[in-house]
Amino acid sequence: MIGQAVNRVDGPLKATGRAAYAYEHWEAGQPLYGFIVGATIGKGRITRIDTDDAERAPGVHWVMTHLNAPEQGPRDESISFEYWRAQPEMTSAEIHYYGEPVALVVATTLEQARAAAGLVEVEYTTGRGRFDFGEYEDDVYIPKAVNAGLPTDTAVGDFDAGFAGADVQIDQQYSTPYEFSLPIEPNACLAEPRGEDLIVYLSTQIVDAAQASVAGTLRMDSERVHVVAPFVGGGFGSKLGIHAETILAALAARTLRRPVKVALTRQQVFQLVGMRPISSQRVRLGAGRDGRLTAIAHDVTMHTNPDIEFAEQTAATVRSLYAAPHRLTSHRLTALDLPRGTDVRAPGEAPGMLAIESAMDELADALRMDPVELRIRNEPTVDPERDVPYSDRHLVECLREGARRFGWENHPDTPASAREGRWLVGYGMSSAIRGHFQGPTTVRVRLDADGTAVVLTDMTDIGTGTYTILSQVAAEGLGLPLERVRVELGRSDNPTSWGSGGSWGATNSCTAAHRACAALREKLLNAARGDAGSPLHGLDPADAVFSDGNVAIGGVSEALSEIVARSHPEGVEAEGRVRYMGDDPNYTDYSINTYGAHFAEVGVDADTAEIRLRRMLGVFSVGRVFNPKTIRSQLIGGMIWGVGAALEEEAVVDLRSGAFVNRDLAGYLVPVHADIPAVEAVVLDGYDDKANPLGAKGAGEVGICGAGAAVANAVFNATGVRVRDFPITIEKVLPGLPLLEA
């Protein structure tokens with residue numbers, strides 16, 4: 001069953017509208033509705049706030065401000081991960097960023113709440129905010145660590161000497177803008193008080209983190225907070241932690257003793273959820289005439305919020321990617337009065353590989369060497385910074401297979417040399433790498449007397465197919481038909497997981513389910529062998545085969561339902577667990593990553609510099625595949641996101657106020673159907689036994705890693721214009737276009 005292209009088991013629920021998302025639960029009855037009023041300055045202090053008119057407006061039940069908000073717990077820096085910490089809101093008159101909540105209006109209907117929100121009057125004293133990254137880029141500090149607990153800086157060998165002695169040197173600066181996750185389901189929460197308990201229907205990626213954060217903020221016992229998130233409409237990092245809508249809904253519900261529902265508008269998402277930090281990246285490559293790297297350095301400066309530090313691991317990507325004896329990486333932060341940085345799909349790798357893989361293309365051009373061959377020549381034998389073996393590395397195979405399938409041998413050797421009418425045509429490629437992570441996860445599998453298996457965990461399905469792949473793992477593990485497996489996700493009353501994010505969700509939950517099924521099989525066999533009424537009594541369990549709802553030993557079999565009905569009439573269950581990777585020696589002894597290679601063809605209009613993607617191919621190595629259909633969707637989605645990062649996505653800050661100017665999907669551009677023609681993802685057969693017993697690795701994010709660089713390199717190949725300030729737009733390409741004869 002594992003590895004089969006099974007249709008999504010939750011597909012009928014979603015197609016018929018029966019899958020309830022956070023804003024769509026009605027178990028609590030008719031709720032009240034809250035609407036957030038945001039600050040209209042980016043730095044300063046509230047001097048006066050008048051809610052009288054709002055409170056008198058039709059349907060209004062309460063207006064909460066910093067003057068009457070319930071007491072909240074502080075953010076506890078001793079908690080290792082930000083997403084598990086308290087997230088207090090409206091605790092003082094201070095304004096830290098534009099759009100920060102200054103009031104919540106709660107009314108009978110959403111329309112009444114939103115209308116009354118416009119009646120709240122707020123006056124401020126405005127401070128001098130730090131909004132311009134370029135102005136403060138040199139005012140930096142060194143974070144203690146970067147995302148995922150990785151070291152801030154690394155150094156191997158003598159970079160300065162290695163770089164100075166290189167035959168060919170590349171020393172370039174690249175920049176990436178603020179970017180947002182923007183899942184189709186905006187952040188939303190329905191909070192229902194029930195006695196001393198609080199039920200929180202929530203759009204979240206990590207149920208355990210949400211429960212801990214709500215409990216810490218409201219100063220509640222975490223067992224009194226019940227999070228419900230059976231379906232989540234995308235996350236991409238933006239829902240790893242909770243945000244203002246959740247805390248404010250919970251505070252209002254507890255105060256009013258009524259269910260309260262709060263959802264962010266799309267415009268509010270831009271200000272209240274956090275974004276990928278802006279970055280300035282210096283990449284230095286030194287190589288011999290044969291293309292072999294002697295020195296490689298990646299130095300990154302990015303923005304952070306002064307109060308909540310976030311350091312994206314942008315320079316960490318190169319640490320395991322290419323061989324070079326002399327190496328240097330660093331991360332620096334510039335504090336700006338803007339919303340906090342946060343995880344956005346493939347944090348670190350996505351922006352980092354835009355720079356690194358563009359620089360590798362520049363090196364290939366300087367050497368007049370095939371970009372695929374350049375990367376193959378720099379394939380390491382061991383992790384070049386950790387000096388440990390790779391668990392399972394097939395980057396070269398991805399490069400060669402991708403080149404073969406794409407027809408790379410036809411790529412133009414000279415930039416701006418291929419045309420079709422008025423279109424300049426170019427090919428580009430890049431490598432892909434992403435670390436594989438593991439976090440503590442527990443899954444319980446119960447077999448009922450009717451022979452139905454139930455899989456229980458608080459793991460979430462954010463649209464990636466978790467219900468389906470867990471069903472497949474349990475069906476195979478117990479030898480059951482798929483229709484006799486039921487998966488229950490997204491509830492804090494279930495066993496705890498690390499949720500969905502970081503490409504760890506599928507492998508964590510499936511490995512834990514696999515182990516739970518193994519433990520359950522042992523219980524069933526012990527029960528049958530010790531039961532004189534069972535045809536399996538006394539037989540050797542080493543020869544047992546579970547299949548089609550039965551267990552057979554030799555020529556004798558018995559239905560699982562019969563074993564359970566006799567020995568465990570109330571059902572029998574077992575749990576499987578996954579440890580944190582820091583406690584797993586494989587993650588110390590091996591470098592465990594996923595890999596890929598991207599190939600893109602673009603056309604650039606010779607008159608207007610309009611860029612059009614013509615086709616794109618990704619070839620990936622991610623270990624064993626649970627479901628080819630769902631993994632293909634994930635990889636293609638990442639590749640399309642990479643196209644957006646290369647050509648379209650950019651959030652622009654108003655330097656007077658700290659507001660995002662283009663805070664909607666009309667101004668913040670993302671790829672649409674007309675932008676994306678033929679895109680294909682191919683996954684190589686694989687099995688990484690160091691990653692986990694199933695041999696699988698995360699695949700949700702490797703699809704975006706390097707994808708944008710392949711497009712950028714194709715634009716250069718088509719035009720001869722190298723753009724290092726992303727995204728690549730018409731005005732950046734047009735001045736350098738070659739003049740063509742009519």
Side-chain angles (χ1 to χ4, degrees), residues 1-16 18-19 183-184 230-236 345-346 398 401-402 405 432 434 436 455 459-477 480-487 489 500-501 503-511 513-514 594-596 598 615-642 671 673 676-688 691-692 694-705 707:
M1 182 58 67
I2 296 176
Q4 298 300 312
V6 173
N7 289 335
R8 291 173 184 258
V9 298
D10 54 325
L13 292 177
K14 291 180 176 178
T16 58
R18 290 177 290 150
I184 195 169
F231 295 98
V232 180
F236 312 115
R345 195 174 197 175
C398 291
E401 180 65 12
R405 288 174 177 260
R434 191 177 191 280
H436 173 71
V455 181
M459 168 70 178
T460 53
D461 189 327
I462 58 176
T464 51
T466 307
Y467 282 101
T468 306
I469 60 175
L470 278 173
S471 297
Q472 291 177 256
V473 170
E476 178 166 308
L480 292 173
L482 197 66
E483 60 271 16
R484 285 172 60 182
V485 177
R486 185 174 79 252
V487 177
L489 302 177
S500 303
S503 298
W504 61 62
T507 53
N508 284 344
S509 57
C510 286
T511 299
H514 170 76
T594 55
Y595 305 94
H598 295 279
R615 61 191 179 104
M616 195 170 185
L617 168 71
V619 178
F620 303 96
S621 172
V622 296
R624 189 182 186 187
V625 171
F626 294 124
N627 185 317
K629 187 174 291 188
T630 56
I631 198 174
R632 179 178 179 273
S633 294
Q634 286 292 291
L635 292 169
I636 287 177
M639 293 167 67
I640 293 170
W641 199 319
H673 283 295
I676 305 299
V679 176
E680 188 53 66
V682 175
V683 183
L684 302 181
D685 290 337
Y687 187 96
D688 191 335
N692 48 62
L694 292 172
K697 293 183 283 192
E701 291 165 292
V702 71
I704 188 178
C705 298

Chemist: For the residue pair Thr466 and Thr460, what are the closest heavy atoms and their distance?
Modeler: OG1-O, 3.4 Å
Chemist: What I'd like to find out is whether the side chain of Met459 reaches to under 4.5 Å of the side chain of Asn508, using heavy atoms alone.
Modeler: no
Chemist: Does the side chain of Leu470 come within less than 4.5 Å of Leu489's, by heavy atoms?
Modeler: yes
Chemist: Closest heavy-atom contact between Ala691 and Ala696?
Modeler: CB-O, 3.7 Å
Chemist: Applying side chain to side chain contact (heavy atoms under 4.5 Å, CB included) to Val487 and Val9, what does each step give before you reach the verdict?
Modeler: CA-CA 9 Å; Val487 177; Val9 298; over 6 Å; no
Chemist: Give, for atom CZ of Arg624 and atom CD1 of Ile631, the distance between the pair rounded to the nearest 0.5 Å.
Modeler: 12.5 Å
Chemist: Search all heavy atoms of Arg434 against all heavy atoms of Val702 and return the closest pair with its distance.
Modeler: CD-N, 4.3 Å
Chemist: Between CG of Leu13 and CZ of Phe231, what distance do you get to the nearest 0.5 Å?
Modeler: 5.0 Å
Chemist: How many angstroms lie between CG in Asn7 and OG1 in Thr630, if you round to the nearest 0.5 Å?
Modeler: 10.5 Å
Chemist: Of all the heavy-atom pairs spanning Gln634 and Gly700, show the shortest one and how long it is.
Modeler: OE1-CA, 3.6 Å
Chemist: Over all heavy atoms of both residues, which pair between Ser503 and Ala699 is shortest? Give the atoms and the distance, please.
Modeler: CB-N, 4.2 Å
Chemist: Heavy atoms only: give me the nearest Cys398-Ser621 pair and the separation to one decimal.
Modeler: SG-N, 3.7 Å
Chemist: For the pair Thr507 and Phe626, evaluate side chain to side chain contact (heavy atoms under 4.5 Å, CB included) and give the outcome as yes or no after the intermediate values.
Modeler: CA-CA 9 Å; Thr507 53; Phe626 294 124; 4.3 Å; yes
Chemist: Using modelled atom types and a 3.5 Å cut-off, is there a donor and acceptor pairing between side-chain atoms of Asp461 and backbone atoms of Tyr467?
Modeler: yes
Chemist: Could you give the side-chain donor-acceptor pairs of residues 677-685 under 3.5 Å, partners two or more places apart or in another chain?
Modeler:
residue: Glu680; atom: OE1; partner: Arg632; partner atom: NH2; Å: 3.2
residue: Glu680; atom: OE2; partner: Arg632; partner atom: NE; Å: 3.0

Chemist: Measuring from atom SG of Cys705 to atom NE2 of His598, what distance do you get when rounded to the nearest 0.5 angstrom?
Modeler: 7.0 Å
Chemist: Once you round to the nearest 0.5 Å, how far does CD1 of Ile2 lie from CD of Gln472?
Modeler: 7.5 Å
Chemist: Could you state the interatomic distance from OG1 (Thr468) to CD (Gln4), rounded to the nearest 0.5 Å?
Modeler: 13.5 Å
Chemist: Given Phe620 and Thr594, is the side chain to side chain contact (heavy atoms under 4.5 Å, CB included) satisfied, shown in steps?
Modeler: CA-CA 8 Å; Phe620 303 96; Thr594 55; over 6 Å; no
